[in-house]
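To keep things clear, I will list the structure first and then write my remarks on it.
All values below come from the heavy atoms of this structure, side chains included, with hydrogens, waters and symmetry mates left out. In this text, all values refer to a predicted model and were calculated from it rather than measured experimentally.
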Amino acid sequence: MPQLALYTFGVLKTPLADTSPRTREFYDIGGTVYQQIARHPGYLAHAEPAGDDRGKLFGADWGAWGEFAVPAWYDKGRTPETTALAATLSLWTGLRPAFDALYTGLHRTALNRRYDWFERTGHPNHVLWWVSDDAAPTWEDGVSALEYLRDGDPAPHAFTFHRPFTPEGAPAGKGVRRGDAVLTR
């Protein structure tokens, strides 16, 4: 059965290494959000660096998730002191579980504060696509899909919750919204 890949990307207002209260708030809520999402029905896995690479992005060993990559429009630093981004890559059983995990609970609370922490770039901040159950999406897959979405309309290989596609590649109707039970996969 196909699995849903989700890549998210945002440019932070301050580098990850910043010790200001704003950055600490983001970190404090972020750890709890990850724990809550990992327990959500439909969650399968997310990219994590191996062993001693925890806390690193560029140059970390991400295993089957591939080398860490970012969209071409990211123009901030790539060192531990200058990196100013947040990115996730995860796998889900379907659209509804992923949507519910992101748009309810503590993650919803964090989304309501996103402009406290993130720049308004005018670029898409998430992209979805289906993968076979024996394939692992890579960071590069996520970046390619997000960049495609920035320049083109949603397609089976790069779509959003509001303009989704089925695993077979057909448009999936009006999309996933709160209170909607249209897409249960």
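Arg113 contributes atom CZ, which lies 13.5 Å from atom CZ of Arg108 (distance to the nearest 0.5 angstrom). Distance CG/Asp133 to OG1/Thr93: 12.5 Å, rounded to 0.5 Å. Leu89 CG to Glu48 CD: the interatomic distance, rounded to the nearest 0.5 Å, is 11.5 Å. Atom CD in Glu25 sits 6.5 Å away from atom CH2 in Trp117 (nearest 0.5 Å). Note that the CG atom of Leu6 and the CG atom of Leu102 stand 6.0 Å from one another [nearest 0.5 Å].
With contacts defined as side-chain heavy-atom distances shorter than 4.5 Å, the pair His40/Asp100 qualifies. The shortest distance between side-chain heavy atoms of Val11 and Leu85 does not fall below 4.5 Å. Annotation: side chain of Leu4 is in contact with side chain of Leu95 (closest heavy-atom distance under 4.5 Å). Considering only heavy atoms from C-beta on, Val127 stays 4.5 Å or farther from Thr160 through its side chain. Counting heavy atoms from C-beta on, the side chains of Pro15 and Thr83 never come closer than 4.5 Å. Here the side chains of Arg78 and Val70 are in contact, with some heavy-atom distance below 4.5 Å.
When all heavy atoms of Leu57 and Phe68 are compared, the pair lying nearest together is O-CB, 3.3 Å. Residue Pro164 comes nearest to Phe159 through the heavy atom pair CA-CD1, 3.5 Å, listed as atom of the first residue, atom of the second, then distance. Nearest heavy atom pair, residue Tyr7 against residue Ala69, reads OH-O, 3.7 Å. The two residues Tyr148 and Ala158 have their closest heavy-atom pair at CD2-CB, 3.6 Å. Taking all atoms of both residues into account, the shortest heavy-atom contact from Pro97 to Gly42 is CB-CA, 3.7 Å. Taking every heavy atom of both residues into account, Val131 and Ala5 meet most closely at CG1-CB, 4.3 Å.
Comment: Arg114 does not engage Glu119 in a salt bridge, judged by the lack of any side-chain N to carboxylate O separation of less than 4.0 angstrom.
With sequence neighbours excluded, no residue forms a side chain to side chain donor-acceptor pair (under 3.5 Å) with Glu67.
Remark: the backbone N or O of Trp130 is not paired with any side-chain donor or acceptor of Gln3 at under 3.5 angstrom. Here the side chain of Lys76 pairs no donor or acceptor atom with the backbone of Thr14 at under 3.5 angstrom. Within the 3.5 Å criterion, the main-chain N or O of Thr138 finds no donor-acceptor partner in the side chain of Trp62. Using modelled atom types, no side-chain atom of Asp18 and backbone atom of Thr23 make a donor-acceptor pair closer than 3.5 Å. Looking only at distances, a side-chain donor or acceptor of Arg22 sits under 3.5 Å from a matching main-chain atom of Asp116. Of the possible polar contacts, one joining the Lys13 side chain to the Tyr115 backbone as a donor-acceptor pair under 3.5 Å is found.
Aromatic pair His157/Trp129: centroids not less than 6.0 angstrom apart. Between Phe9 and His123, a ring centre-to-centre spacing not shorter than 6.0 Å is recorded. Proximity of the aromatic rings of Trp92 and Tyr43 is defined here by a centroid distance below 6.0 angstrom, and this criterion is met.
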Legend entry - Residues Lys56, Asp61; criterion side chain to side chain contact (heavy atoms under 4.5 Å, CB included); working and verdict: CA-CA 9 Å; Lys56 283 175 56 178; Asp61 176 4; over 6 Å; no
Inset, instruction - Check the pair His107 / Leu111 against side chain to side chain contact (heavy atoms under 4.5 Å, CB included), numbers first and verdict last. - result: CA-CA 6 Å; His107 193 269; Leu111 281 176; 3.7 Å; yes
Inset, instruction - Starting from the C-alpha separation in whole Å, work towards a yes-or-no answer on side chain to side chain contact (heavy atoms under 4.5 Å, CB included) for Trp73 and Leu146. - result: CA-CA 11 Å; Trp73 66 78; Leu146 194 68; 3.6 Å; yes
Inset, instruction - Please step through side chain to side chain contact (heavy atoms under 4.5 Å, CB included) for the pair Asp141 and Trp139, ending with a clear verdict. - result: CA-CA 5 Å; Asp141 295 337; Trp139 290 107; over 6 Å; no
Output side-chain donor-acceptor pairs under 3.5 Å for residues 27-39, partner residues at least two apart or in another chain, one line each.
{"residue": "Tyr27", "atom": "OH", "partner": "Leu16", "partner atom": "O", "Å": "3.3"}
{"residue": "Gln36", "atom": "OE1", "partner": "Leu106", "partner atom": "N", "Å": "2.9"}
{"residue": "Arg39", "atom": "NH1", "partner": "Gln35", "partner atom": "O", "Å": "3.3"}

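There is no side-chain donor-acceptor pair under 3.5 Å between Thr109 and Asn112. Inspection of the Thr166 and Glu168 side chains reveals an N or O donor paired with an N or O acceptor under 3.5 Å.
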